[in-house]
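Everything below concerns the one structure shown next.
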Amino acid sequence: MSTDKVTSPASPLDRFIAVIPAGGVGTRLWPLSRAAAPKFLHDLTGSGSTLLRATYDRLQPLAGSKVLVVTGKAHRDAVCRQLPEVQDSDLVLESEPKDSAAAIGLAAAILHERDPDTIMGSFAADQVISPDNLFQQAVREAIHTAAAGKIVTIGIKPTHPSTGFGYIRSGQELHIDGAPSALDVVEFVEKPDEEVAQQYVDSGNYVWNAGMFVAPVALLLKHLEANQPELFRGLQEIAQAWDTPAREEVTARVWPTLPKIAIDYAVAEPAAEAGDVAVVPGSFRWDDVGDFASVGRLNSAKEVDDVTVLGEGARVFTENSSGVVVTDTKRVIALIGIQDVVIVDTPDALLVTTMANSQRVKAAVDALKASGDTDVL
Ligand SMILES: Nc1nc2c(ncn2[C@@H]2O[C@H](COP(=O)(O)OP(=O)(O)O[C@H]3O[C@H](CO)[C@@H](O)[C@H](O)[C@@H]3O)[C@@H](O)[C@H]2O)c(=O)[nH]1
């Protein structure tokens, strides 16, 4: 009888490391979401977990403690409080925001330095997803698909012609072991205009990009190098110094020089053209919490009459009214006979609008910026 040890090839799942890029301000959720306390640091579902913490917990069964977080220096303390498990060397702090290609690309480059066979998955810190098991099932399929040499996106069935999302046109089934629903991607179009978005939705051939990318780090970096060579070179330099005493010095020197571009333009669109992108359909409930109408929907269980009320110790009186109230003050709020209102009450800024206008909050933020009144942003 042979005494040779029978070893099975390592599962791609063992090569998986999760990355959470936690940036952006969430302008359409002002005045709740601020530069100093962006959307991902808030509990916007009333679950007791912030969006960041929920994202981390959702990834646990897939990644364990192998999670890298990329965020702004200013958020270091808040992120460490919310995610005490994250080691110093796995917390990437940016001195200034450089958009998602730099954030995700640096994580890929660091992971590549540590182990070039790593499969990484990047997951936005500010989405609401349920149930977790359907998300995890889709990501497992994405990891198997990535191991077959693809950059993998997760597709969400569109409900309206949003101009804030990437659109993915899928093609043939890929027939990959462990990924029965993976499809080839024919085209990836980031944020089309409304007319094009409407055509995509009407055609029934497109899904939304959920803002998640699962890929072998080497493949992601190959496309970054081909399409953004300057960004790639800078990230390489930082990554090579990352686990050495030179980390601080090199990062401080190189990071400010990096070009700003979204990963969707820098990698996803050109990689799809090269035939290197796949999509796994997500059957979970997905919401990017883009405005207060969405906050209202996500918390409808907390309705007082027809008004959704969010906020610890909120004191809200309602009569014949509907909408959403978010408050972090102790003020009493009374709503009488008004429909579909949005009220966001904070100590130094008050927002009053309607559900239908909740996407336009950004206009107020832009106006405040232009007037130089930035202390409330
Ligand atoms: N650390 C860090 N993270 C950043 C930065 N800029 C963006 N991010 C993070 O990168 C992710 C996506 O960035 P957004 O800038 O919020 O992208 P988007 O406009 O919402 O579009 C993306 O997501 C959509 C789904 O929500 C997609 O449909 C679309 O194709 C695209 O991937 C989020 O997790 C965001 O926090 C940055 O400078 N630094």
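Counting starts at 1 for both ligands and their atoms, in listed order. Note that this is a predicted model, so its numbers are computed, not measured. Keep in mind that the numbers below use all heavy atoms, side chains included, and drop hydrogens, waters and symmetry copies.
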- Could a heavy atom of Lys260 be found less than 4.0 Å from some atom of ligand 1? no

- Output yes when a protein non-hydrogen atom is found under 4.0 Å of atom 28 (O) of ligand 1, and no otherwise. yes

- Message: Given Ile168, Asn209, Asp288, identify the one with the heavy atom nearest to atom 25 (C) of ligand 1.
- Response: Asn209

- Item | Non-hydrogen protein atom less than 4.0 angstrom from atom 16 (O) of ligand 1 | no

- Message: Looking only at the side chains, is there a donor atom on one of Thr55 and Gln127 sitting less than 3.5 Å from an acceptor on the other?
- Response: no

- Message: Per the ring-ring contact (aromatic ring centres under 6.0 Å, His included) rule, what does the pair list look like for residues 286-308, sequence neighbours excluded?
- Response: Phe165-Trp286

- Can you say whether the rings of Tyr200 and Tyr167 are parallel (under 30°), tilted (30 to 60°) or perpendicular (over 60°)? tilted

- Query: How long is the span from the CZ atom in Arg360 to the CG atom in Asn357, to the nearest 0.5 Å?
  - Reply: 5.0 Å

Under 3.5 Å, sequence neighbours excluded: what are the donor-acceptor pairs made by side chains of residues 263-285?
{"unit_1": "Asp264", "atom_1": "OD1", "unit_2": "Asn209", "atom_2": "ND2", "d": "3.4"}
{"unit_1": "Glu269", "atom_1": "OE2", "unit_2": "Glu190", "atom_2": "N", "d": "2.8"}
{"unit_1": "Asp276", "atom_1": "OD2", "unit_2": "His223", "atom_2": "NE2", "d": "2.7"}

- Query: Where do Leu351 and Pro31 come nearest, in terms of heavy atoms and distance?
  - Reply: CB-CD, 3.5 Å

- Query: Are any of the side-chain nitrogens in Glu249 or Arg253 under 4.0 Å away from the carboxylate oxygens of its partner?
  - Reply: yes

- State whether the shortest distance between N or O atoms of Glu94 and N or O atoms of ligand 1 falls below 3.5 angstrom. yes

- Query: Below 3.5 angstrom, do we get any N/O pair linking Val70 and ligand 1?
  - Reply: yes

- Message: So is Trp286 touching ligand 1 or not, going by heavy atoms under 4.0 Å?
- Response: yes

- Note on the structure: Closest to atom 33 (C) of ligand 1 (heavy atoms only, candidates Ala124, Ala268, Gly166) is Ala124

- Can you find an N or O of Ile104 that's nearer than 3.5 Å to an N or O of ligand 1? no

- Query: For ligand 1, is there an N or O atom under 3.5 Å from any N or O atom of Asp99?
  - Reply: yes

